Amino acid sequence: MYIREKIEEQIKQIMADALNKSVAGGAFSIETMPDLFLEMPREKEHGEYSTNMAMQLPKQTRKSPRYIAEALVENMETEGSYIDTVEIAGPGFINFKLKKIWQYSALEEISALKENYGRSTKNTGKTFNMEFISANPTGPMHMGNARGGAIGDILASVANWTGYEVTREFYINDAGNQIVKFGDSLDARYRQLLGEEVLFPADGYQGDDITEHMKDFIALEGDQHLALESHARKEILVEYALEKNLTQIKKDLETYGIHYDVWFSEQSLYDSGAIESTIELLKKGGFAYEQDGALWFKATSFGSDKDDVLIRANGLPTYFMADIAYHMDKFINRGFDRCINVWGADHHGHIARLKGALTAVEINPNQFEVVIMQLVRLLRNGEVARMSKRQGKAIALTDLIDEVGVDATRFFFNLRSPDSHFDFDLALAIEQSSDNPVFYVQYAHARICSIIRQMAEEVNDEVPMDLTRLIEKEEFHLLETLSLFPNEILLAEERLDPSRITRYTIELASAFHSFYNACHVRVEDFPLMNARVALIEATQQVIQNALGILGVTAPERM
RNA sequence: GCGCCUGUAGCUCAGUUGGAUAGAGCAACGGCUUUCUAAGCCGUGUGCCAGAGGUUCGAAUCCUCUCAGGCGCACCA
């Protein structure tokens, strides 16, 4: 348990005791317990913690907030606790100021836990499935996948730091309509390249990669497949190109710093019979019915405004159908406690129906959550450019990484909360200026490493370090920021918002840079110097841990 | 028409799930280096929190409506 949690628990206990004593002493009477809620006031003068408990009670006690607060404070036993002073302020806040030693405890925790500082056991023993990107394997990864990749991968790390056993998973849409289109497109290019006059399908994939695949394929196998019946030929072409694409996708994502534990094939759901058994289950439960030759799911029974097709009149299951079977596999066959998906905003309409379907097959829909990210808008020369794989104008993920670098790409795509609409200004991202906050954070880290290198010979172990010598306001601010790291990870997990970690690194770097400009580490006074060395080592450690979660490197020199 | 997301400083965004005087970065201006990395630090402004009602001790935050932008509303995914 970290120092902040210890203190918070202690204060809550003291609050509860004071409440009981006040009631026992006849100051007022209550019917229901108020929330023992602590907040961290923005203003320094209001102390480290504050509670609005007294303001929750006037209604049931018929006393004024200030009267209640005074009674509570009078009955507070703070002896031997971290609390230094208790004050009543404003309309009835009770503010707690702490003894400064608590911040030195935070520093000691970091020195002791090192690369594990920030980890917690909140979710130990539970499993967490993180599915993200899951793009059609019909072409290379593009910039639109970069945001989902960063969010999903970092959220997975965050979950792991809170104790979850995490599985990163990519769902390969290697079945269904898109694959049919893919096959049609490949086939058309194949035949065109071999001199046949064929019309390219209007809704086909027009990207150069399709043509490239077929050039390579022809170089390997010639025109021997022209004679085949079209269906059989497409199957061969798809198998060839899919394999190529997947290999490339895996390679590109590894470059981007993403490693998946599971690559789950949609086709395997058909092969294993999972689709069929899911259909049977839905039918048996009375959640599926036939109409117009199709099989429908009664989504309206679960709050949707219309039902959805499970199996088309042509006999082919829909993507929705496969998705139900897929999530049953996650929850029932593999027993995940929690499954999180990252989806683009254009898919938000699917959440309700999939949750409905999960409810139908007796899975608690609250175990399934979707992080909706707003789509990336690409700005080129101030103009909005749409990204579309079909038009072949998408900027490839690899191109983006080549130009901007992995660190900046991941950092930038996780800088804002998934909810926020995001403009990716190509010119700005390519420009490696100080506008890019990743440099700011890395610079802080490199700066510390540089000092530590130079201090290595000078640290005097004979003289004990004295942490209580750290008294400058910049030192306290840095200590306080360091102590917030475990909190930030828990908040990022609770709110499924990994961007908090990125913003935290900026805050921490800022606190360090301020310290650096105000205080010298290399001073004559050895106890102070050793304490400051401990402080910057802790800072270095936390920056390293935080950047590690982000998948961004922490350079020792810049 | 219906649903979801968004609307906060000139720009990009935070805002601890309802708290006290609404904050950062960028941009603008002015300062800081005989000493550990100036890719840094310090200082100076700006707000009808889109708008109107409501809920209560208290609202950027919750509810209703209006306006603006994005995304959905397929036997596509």
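Every chain is numbered from 1, with letters handed out A, B, ... down the list of sequences. Values in this document were obtained by computation on a predicted structure and should not be read as measured data.
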**Prompt:** What about A:D346, does its side chain sit under 3.5 Å from the base of B:G72 through a donor-acceptor pair?
**Reply:** no
**Message:** Looking at A:D497 and B:A14, is any side-chain donor or acceptor paired with a base atom of the opposite kind under 3.5 Å?
**Reply:** no
**Request:** Verify side-chain hydrogen bond (donor to acceptor under 3.5 Å, both in side chains) between A:Y49 and A:E39, making sure each step is shown before the conclusion.
**Result:** CA-CA 6 Å; A:Y49 289 100; A:E39 60 178 299; over 6 Å; no
**Asked** Taking the side chain of A:R42 as its heavy atoms from C-beta onward, which of B:A39, B:G23, B:G19 lies nearest to it?
**Response** B:G23
**Asked** Checking all strands, does A:F37 fall into the base, sugar-phosphate, or nothing category for heavy-atom contacts under 4.0 angstrom?
**Response** sugar-phosphate
**Request:** Decide whether A:R353 and A:S304 meet the rule of one side-chain donor and one side-chain acceptor closer than 3.5 Å.
**Result:** no
**Message:** Between B:A20 and A:S50, counting only base atoms on the nucleotide and side-chain atoms on the residue, is there a donor-acceptor pair under 3.5 Å?
**Reply:** yes
**Asked** What's the base orientation of B:U64: syn (chi within 90° of 0) or anti?
**Response** anti
**Request:** Could you tell me whether the side chain of A:H348 has a donor or acceptor atom within less than 3.5 Å of a complementary atom in the base of B:C5?
**Result:** no
**Complete:** Ranking B:A77, B:U16, B:U37 by distance to the side chain of A:M40, first place goes to B:U16
**Message:** Going by purine N1 to pyrimidine N3 plus the second Watson-Crick contact, or the G-U wobble pair, all under 3.5 Å, which nucleotide sits opposite B:G3?
**Reply:** B:C71
**Message:** Categorize A:C449 for me: base, sugar-phosphate, or nothing, with a 4.0 angstrom heavy-atom threshold over every strand shown.
**Reply:** nothing
**Request:** Classify the nucleic acid contact of A:S450 as base, sugar-phosphate or nothing, counting any heavy atom under 4.0 Å across all strands shown.
**Result:** base
**Asked** Going by atom types alone, do A:Q544 and A:Q540 pair a side-chain donor with an acceptor below 3.5 Å?
**Response** yes
**Pair A:Y326, A:E266: side-chain N/O donor-acceptor within cut-off below 3.5 Å** = no
